[in-house]
Amino acid sequence: MAKKRILSGMRPTGPLHLGNLHGALANWVEMQDSYDCFFFIADWHALTSDYENPGRISEYVREMMIDWLSTGLSPDRSTLFVQSHIKEHAELFLLLSMITPVPWLERNPTYKDQMDQIKNRDLSTFGFLGYPVLQAADIIMYKANGVPVGMDQVPHVEITREIARRFNYLYGEIFPEPEAILTKTSKILGIDRRKMSKSYDNAIYLSDSPDDIASKVSRMITDPQRARRSDPGDPEVCNVFEFLKTYADGETVENIGAACRGARIGCVECKKIMARNLIQALEPIREKRAEYKAHPGLVDDVISAGGDKARGVARQTMEAVRSVMRI
Ligand code: TRP
Ligand code: SF4
């Protein structure tokens, strides 16, 4: 039986951190075994909000591809590409915009939220309103059956389904209605215990050096109730412990948990152990990153071969679309 096709994308707005790794990327890597995978870097989507400062987008695109390759996405098992290299996305976006009622976009909860929250940029643009239409084009271009995304993206997949349904109704059944595949959220928080995010300045990046990691870990907030070394701690509310559960072996986790509850280990020492484990766990990623940085041609090759593969599919889709739309 043919594998089901999935597709997902990330906006290149900065280097990837552990939250991205455990929230999305690790899932994608795993899904390569069971799905026909398309993963792409949504650089046009980055422009919808950062159009005033596009300066670093192309640099982030490369860095993102390096992060992907270093964490186990493989061009032999997935189609990895950059959105803006496939001009067909722009054409399908345009055609879908003809059939998408504006109220669908104005009702979009992520649109309303961002308009309320982001005050330092003018987001009252056509492109920002049309964000989900471009996303719909990305998805249905490849006739994806599933879209692995976080909760925040579910409304966009819902709009995609509505647009696909409307297209099929108007012109004939071409597109499957894709389903959101919810990725489990990462339990790993930023060093200040808020959600890990570039904008909070609390993230540990895949590209961080061992020294960066050690210094960030040393600044991590632990069990806030534990004021002194002699106080028993509660590891279950401690982010350092959450990291240990991900990065240390079961025995270490158990021993440290017990020592923390019995006030037999201090947070400084505990963090040192965690940092050592984390640095070690990320070592293979750092090594691969260094290799790709030293051989930029390898990255160029992946980007161009993935682009060719994606374009082949996109061209076929667009021929069918133009034909049923009589264009
Ligand atoms: N909007 C997505 C995000 O911000 C990125 C994205 C663009 C995407 N096109 C997509 C995700 C298509 C899934 C499918 O995370
Ligand atoms: Fe957290 Fe470790 Fe301190 Fe316990 S000893 S509170 S697990 S950092």
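No hydrogens, no waters, no symmetry mates; every other heavy atom, side chains included, goes into these values. Whatever order the structure lists them in is the order used to number ligands and atoms, beginning at 1. This structure is a prediction, so every number in the text was calculated from the model and none was measured.
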Quick check: H156 and ligand 1, any N/O pair under 3.5 Å apart?
no

Can you tell which part of Q83 has a heavy atom less than 4.0 Å from ligand 1: side chain, backbone, both or neither?
neither

So which heavy atom in the protein is nearest atom 8 (C) of ligand 1, and how far is it from that ligand atom?
Q135 NE2, 3.5 Å

min-distance protein heavy atom vs atom 7 (C) of ligand 1 -> H45 ND1, 3.3 Å

Spell out the protein N/O/S atoms under 2.8 Å from atom 4 (Fe) of ligand 2 as residue plus atom name.
C260 SG

Note: ligand 1 atoms sitting under 4.0 Å from heavy atoms of V147 are 13 (C), 14 (C)

Once rounded to the nearest 0.5 Å, what's the spacing between atom OG of S34 and atom NZ of K4?
11.5 Å

Testing L123, L47, L105 for side chain to side chain contact (heavy atoms under 4.5 Å, CB included) with F128, which one passes?
L123

Hey, does M274 have a side-chain heavy atom less than 4.5 Å from the side chain of Y247?
no

Mark up the atoms of ligand 1 that fall under 4.0 Å of a heavy atom belonging to R11, in ascending order.
4 (O)

Are R289 and E63 close enough for a salt bridge, meaning some N to O gap below 4.0 Å?
yes

Let me check something: do Y60 and Y51 share a hydrophobic cluster, defined by ILVMFWY side-chain heavy atoms less than 4.5 Å apart, either directly or through other members?
no

Need the ligand 1 atom indices (1-based, order shown) with element for anything under 4.0 Å from a heavy-atom of Y131.
1 (N), 2 (C), 3 (C), 4 (O)

Which pair of heavy atoms, one from M220 and one from K271, lies closest together, and at what distance?
O-NZ, 2.7 Å

min-distance protein heavy atom vs atom 9 (N) of ligand 1 -> D138 OD2, 2.7 Å

Using a heavy-atom cut-off of under 4.0 Å, does the side chain or the backbone of V157 touch ligand 1, or both, or neither?
neither

Taking the basic N atoms (NZ, or NE/NH1/NH2) and the acidic carboxylate oxygens, is any pair closer than 4.0 Å for D234 and R261?
no

Below 4.0 angstrom from a heavy atom of A42, which ligand 1 atoms are there? Numbered from 1 as shown, please.
7 (C)

Please report which non-hydrogen protein atom sits nearest to atom 5 (C) of ligand 1, along with the residue it belongs to and the distance in Å to one decimal place.
G9 O, 3.6 Å

Within a reach of under 6.0 Å around NZ of K119, are more than 12 heavy atoms found that belong to other residues, nucleotides or ligands?
yes

Count the heavy atoms belonging to other residues, nucleotides or ligands that lie under 6.0 Å from CZ of R194, then report whether that count exceeds 12.
yes

Shortest non-hydrogen contact between A314 and Y142, atoms and distance
CB-OH, 4.0 Å

One thing to verify: whether R286 and D208 come together as a salt bridge, which I'm taking to mean a side-chain N less than 4.0 angstrom from a carboxylate O.
no

Which ligand 1 atoms does Q153 reach within 4.0 Å, using its non-hydrogen atoms?
1 (N), 2 (C), 3 (C), 4 (O), 15 (O)

State plainly whether one hydrophobic cluster holds both L25 and Y205, where clusters connect Ile, Leu, Val, Met, Phe, Trp and Tyr through side-chain heavy atoms under 4.5 angstrom apart.
no

For ligand 1, is any non-hydrogen atom under 4.0 Å from I139's backbone (N, CA, C, O), its side chain (CB onward), both, or neither?
side chain

For L7, atoms of ligand 1 separated by under 4.0 Å from a heavy atom:
12 (C), 14 (C)

Salt bridge (charged side-chain N to carboxylate O under 4.0 Å, His left out), paired with D36, selected from R77, R5, K143
R5

